[in-house]
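We use all heavy atoms of the structure for the numbers below, so side chains are in, but hydrogens, waters and symmetry mates are not. Keep in mind the model is a prediction, meaning the values are calculated, not measured. Here is the naming used below: chain letters follow the sequence lines, and residue numbers restart at 1 for every chain.
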There are 2 protein chains.
Amino acid sequence: MKKLVTLKELSLELGVSVSTVSKALNNDPTIGHYTRERVEHLARARHYIPNQVARNFQRRRSLTIGLIVPNVLDQFFVQAINGVDEVATAKQYSVLVSQTLDVESRSNAILDLMRLDGVDGLIATITPNTTNLTPYRQLEAAGIPVVYIARSLNDPACAQVTLLNTDSARIATNFLLDRGHQQLAYINGPTNVNASQQRRTGFEQALQDRHRLADGTIYQPNSLTAADTDAIMAKAMARADYPTGILAFKTYMAIDAITYLKRTYPERLDQIEFVGFGNLPLLKHLSHKPAASIEENPGLMGQEAMRLLMQLISDKPAESTHIEVPGELVVH
Amino acid sequence: MKKLVTLKELSLELGVSVSTVSKALNNDPTIGHYTRERVEHLARARHYIPNQVARNFQRRRSLTIGLIVPNVLDQFFVQAINGVDEVATAKQYSVLVSQTLDVESRSNAILDLMRLDGVDGLIATITPNTTNLTPYRQLEAAGIPVVYIARSLNDPACAQVTLLNTDSARIATNFLLDRGHQQLAYINGPTNVNASQQRRTGFEQALQDRHRLADGTIYQPNSLTAADTDAIMAKAMARADYPTGILAFKTYMAIDAITYLKRTYPERLDQIEFVGFGNLPLLKHLSHKPAASIEENPGLMGQEAMRLLMQLISDKPAESTHIEVPGELVVH
DNA sequence: TTGTAGGCGTTATCAA
DNA sequence: TTGATAACGCCTACAA
């Protein structure tokens, strides 16, 4: 890295002190008009740009935040990243993105790296089998605030941005009931994640509210992989009263399930309707799509997470550290 | 950001000098065994972590590189990002990702930001209508090397990583010829990008080589949007001798074209075969896919770009500043 | 084997 | 209105 022009060089060339140059360029009112002109002129001529690293060092902050997501091939998270990025850019912050691939050891390694990088704060999606937030707690103890996004543990002390899960699941279930399905199913997400429980509750509540207008079965896959979804579908479809209205924890699961049907029960493809969480951009390319999706507004969630994090970083008392974003049903 | 433990604090507590502590922690052989033990012990106990910002400042580098891509919803670039990230992580580097959305003004704003952030180097995909690399040149003049990825201008002075475009296009075209298509078409990419010309050349060469076994028409859309692809398809399909074997500059265009056919000429859906550049993960979810794709190995391209950039940053004479990655035909 | 001193570029404080 | 000085945390010659 070639050396950049520094304040000192400018000051030498102008015959004024370094601090004068600094102040002039930072619009300090105590600098005379004439001097300021000269300084600004030379700075432009020499293409002076302040050394951000030095500045950050001096201010004891990095103007960088970390963003930890499971997988950047998941469009939900891509949109969330964009949301974070928008707000961050507006506030002069940079964003360091890393993916855990839902492996806890990777997650911990990333955490170490982020601490080394001196991030001012963190936005994170925990891995599905995380039950222990100690690594995160250590960061917080070191003064680096953490905002959890999308997935959370049941811990009121954690700042978090999530979907209004129960309501959204209820809306989705009502949609399936309205379409006249007699046998419903819900394919759940990772058990230790709050959202799974909440969506399940919404599903069950909707059935209750409608006086058990239909039967509902809960299926619990081991992971979010296609293989596990296939296994669940195989089980469900083997029943005589197989479900025809299926709510999926993630739209990706619904897509996998549809692929399974196409392969194994093509004749049922038109009887069975899916609703999944996540209104993904890629849906528009699909010929067989879920009947509807819950728009989770990941971009908005990202924005809110970043705003919340900025408050925590600046030690301002955040009005609320639990933000819930409403979901909307989008019929395809 | 709460203050972290510093070398000074450790030294005070141990009653030794700061430099002793520093050396002890950096495995300087001139430090006595006993002292080193004491220092290391206390450092662990106090959870000392070196202040990376101070370190970077002192070393005049940021251990950060910038990565500029058109769109993070494009799976090609997501995979490229991953490739960059792998190599970067291994070399202790962090990656700052920003997207231009193919808007040149955004691209320039990002460039300014990256310079402010003090990145040590840059990997960039230029916007399609970029003809003037001046903003990039200024960065390079400031000692910040730039590696162009995926898209390039015809300028041998630029370090770049691209696909072996001509060869790949020839392979793809031969595939369509082998499938017996009499009328071929190639839907081109942005005219000022090298890859467009090269792929076009490959298409034409393949036809030549096979003694004009089939007719080939070149179509030039204005942009990569679905609307423009639709317009091209409308034109092509209106002909009596409409093409049945179509090579697309990007698989996304092929997908858009298939969607168009499904809507407007469903009866032709099974006659027409596509090959597109980019073997995207989302293909597996599609019912009507291109007959084949060119695997562009975006992850590998990302890795190579990062390796090349590391060489440029370290001022090592890079063996080659033009890396071409071969593409493979993947039949679906 | 350990310590001292200086410097990296910037900003803030206080004195001139 | 300007300048001198110290400080941020770390590293590294060089001196002791």
Over 12 foreign heavy atoms within 6.0 Å of NE2, H47(A):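 Incorrect, the count does not exceed 12.
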Over 12 non-hydrogen atoms of neighbours within 6.0 angstrom of NE2 in H41(A): no
Could you state the [atom1]-[atom2] distance from [X] to [N], rounded to the nearest angstrom?
X      : N       : atom1 : atom2 : answer
Q58(A) : dC8(D)  : CD    : C1'   : 7 Å
L25(B) : dC10(D) : CG    : C1'   : 11 Å
R60(B) : dT10(C) : CZ    : P     : 12 Å
R61(A) : dG9(D)  : CZ    : P     : 14 Å
L10(B) : dG3(C)  : CG    : P     : 14 Å
N27(A) : dA12(C) : CG    : P     : 13 Å
E9(A)  : dC8(C)  : CD    : C1'   : 13 Å
N56(A) : dG9(D)  : CG    : C1'   : 14 Å

Given DNA chain C, 5'-ward residue of the pair R59(B) and T20(B), judged by closest heavy atom: T20(B)
Earlier contact from the 5' end, DNA chain C, for S19(B) and S22(A): S19(B)
Pair D120(B) + R59(B), salt bridge at N-O below 4.0 Å: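 A salt bridge is absent here (no side-chain N lies under 4.0 Å from a carboxylate O).
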Taking any heavy-atom pair under 4.0 Å as a contact, classify [X]: base, sugar-phosphate, or nothing.
X      : value
V16(A) : sugar-phosphate
V53(A) : nothing
K8(A)  : sugar-phosphate

Polar side chain donor-acceptor pair, N82(A) to Q99(B), under 3.5 angstrom: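 A donor-acceptor contact under 3.5 Å links the two side chains.
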Between T130(A) and T127(A), a side-chain donor and acceptor under 3.5 Å: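 Yes, because at least one side-chain N or O of T130(A) sits under 3.5 Å from a partner of the opposite role on T127(A).
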Minimum-distance nucleotide (side-chain atoms of F57(A) versus dC8(D), dT10(C), dT12(D)):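 In terms of side-chain proximity for F57(A), the closest of dC8(D), dT10(C), dT12(D) is dC8(D).
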Which nucleotide in dC14(C), dG9(C), dG3(C) has an atom nearest any side-chain atom of K23(A):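 When the side chain of K23(A) is considered, dC14(C) is the closest of dC14(C), dG9(C), dG3(C).
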Closest non-hydrogen atom pair, Y136(B) against T125(B): OH-O, 4.4 Å
Note, M306(A) side chain near I65(A) side chain (heavy atom, < 4.5 Å):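 The answer is yes; the side chains approach within 4.5 Å.
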pair L67(A)-I81(A): side-chain heavy atoms closer than 4.5 Å: yes
Does a side-chain N or O of [X] approach OP1 or OP2 of [N] to a distance below 4.0 Å, or not?
X      : N       : result
Y48(B) : dC10(D) : yes
T6(B)  : dG9(D)  : no
N26(B) : dC11(D) : yes

Contact list for DNA chain D against residues 28-46 of chain B - heavy-atom distance below 4.0 Å: none
Base dA4(D) paired with S17(A) side chain (donor-acceptor, <3.5 Å):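 Such a pair does not exist between side chain and base.
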